[in-house]
2 protein chains.
Amino acid sequence: MLGIVAEVFREHGYEGASLALIGEATGLGKGSLYHFFPGGKEEMARAVIAHIDGWFEDNVFAPLRDSADPLAGIDQMLEATDSYFRSGRRVCLIGAFALDESRDLFAGQIRDYFGRWVTHLADALARSGHPPGEAGELAEEAVAGIQGALTLARAANDLEVFSRALRRLRMRLGLAANI
Amino acid sequence: MLGIVAEVFREHGYEGASLALIGEATGLGKGSLYHFFPGGKEEMARAVIAHIDGWFEDNVFAPLRDSADPLAGIDQMLEATDSYFRSGRRVCLIGAFALDESRDLFAGQIRDYFGRWVTHLADALARSGHPPGEAGELAEEAVAGIQGALTLARAANDLEVFSRALRRLRMRLGLAANI
DNA sequence: GACTTATTGTACCGTTCGGTACAATGTCGG
DNA sequence: CCGACATTGTACCGAACGGTACAATAAGTC
């Protein structure tokens, strides 16, 4: 159900996601909505962010952190990212929240999400042989590249923009070009 | 005055920028606002996008297109970009619009803005010696990198993220590291 | 000064907003 | 069957939303 709410926030942004839309999408009335989320819209958004964060923790950060072979972890990260963003069809809710005033409400969660992504990727890159300083820069470049590609893909209404970005990243991070 | 309205949209997003906020920021009442923009909020946003587009046309796209030395044009692009986004303090309104539902209203203008940015940069890169295909990819990577760096800088609340991204881009696009 | 047009303030419209109250149902162990 | 608690639908609240009407004023033109 959090997934459905997430989709509404993704589609309409924090301000644009009205309780009417959320209720319609989930099939729940205000009674139920406020039963599960006494804190109202803000708590819903917070729960959605935490839910997404959890998914990334399991499917993106954990492989980066735990894979014996760091390159395999990076490959899993890229696969999971491609799958999560539906090859560019989906937008990054947390990235979108970071841009407008809703950032102030969720600043901690947003910073944490992106911070961990960059940190874990930098760590994997360092373990795969990059000098520590360079690994941090490369990780930052990679995460920013993904976010930017999502924006650009949506602006151009062309999914290929996102696929191309992932393909470039794969090579740039030290993975084979095939697959 | 369009600049002030732009700032309100940038800060609050399309949905979040209420007429009350816009009126307060500009010092204009609804009477004046609807006198200048009979089409209401949508026309305001359209005018703001066109205004931004014009600024980029003059300060970013034109140097890319018209500079005799393509590398000098690229350098001017990066300088103008850094100055426009206030080294990461500012967010890209058009990028933010691309992410949520307001994209549907302004799809044409958004696609045009990013499309021209990528095209003109690709052209300059090709003239500076990159093979045509590679130039297009590199241009896409650069524009996406800028957008992503803005998102990341704002998420981390750290302007250095944006500065680092521009520094990397400068090198990657074939410019000296200094300056 | 008179006429015309541009600009503004104010009051108001219907709708939707996020949120609350609460009685009515469903659910389930005892 | 019972009380206890979880879940829901509905009606309602005041505030804010985008937008309109229009009279009052300002600014220019002849």
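Proteins get letters first, then strands, A, B, ... in listed order; numbering begins at 1 in each. Side chains are part of it too, since the values below use all heavy atoms of this structure and drop only hydrogens, waters and symmetry mates.
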Pair Leu121(A)-Met77(A), side-chain contact (heavy atoms from CB on, under 4.5 Å): steps then yes or no: CA-CA 9 Å; Leu121(A) 178 53; Met77(A) 171 197 105; 4.0 Å; yes

Backbone of Phe97(A) reached by a side-chain donor or acceptor of Arg103(A) within 3.5 Å: no

Ion pair Arg164(A)/Glu141(B), N-O distance below 4.0 Å: no

Salt bridge Glu137(A)-Arg167(B), side-chain N to carboxylate O under 4.0 Å: no

Phosphate-side-chain proximity, His35(A) and dT8(D), N/O vs OP1/OP2 below 4.0 Å: no

Under 4.0 Å protein heavy-atom contact, by nucleotide of nucleotides 15-21 of chain D - B base, S sugar-phosphate only: --SBBB-

Phe114(A) and Trp117(A) aromatic ring geometry - parallel, tilted or perpendicular at 30°/60° bounds: parallel

Side chain proximity check, Asp53(B) to Gln109(B), heavy atoms < 4.5 angstrom: no

Atom [atom1] of [X] and atom [atom2] of [N]: how far apart are they, to the nearest Å?
{"X": "Ile22(A)", "N": "dC17(C)", "atom1": "CD1", "atom2": "P", "answer": "10 Å"}
{"X": "Leu28(A)", "N": "dT25(C)", "atom1": "CG", "atom2": "P", "answer": "19 Å"}
{"X": "Phe37(B)", "N": "dA6(C)", "atom1": "CZ", "atom2": "P", "answer": "16 Å"}
{"X": "Phe36(B)", "N": "dT8(C)", "atom1": "CZ", "atom2": "C1'", "answer": "9 Å"}

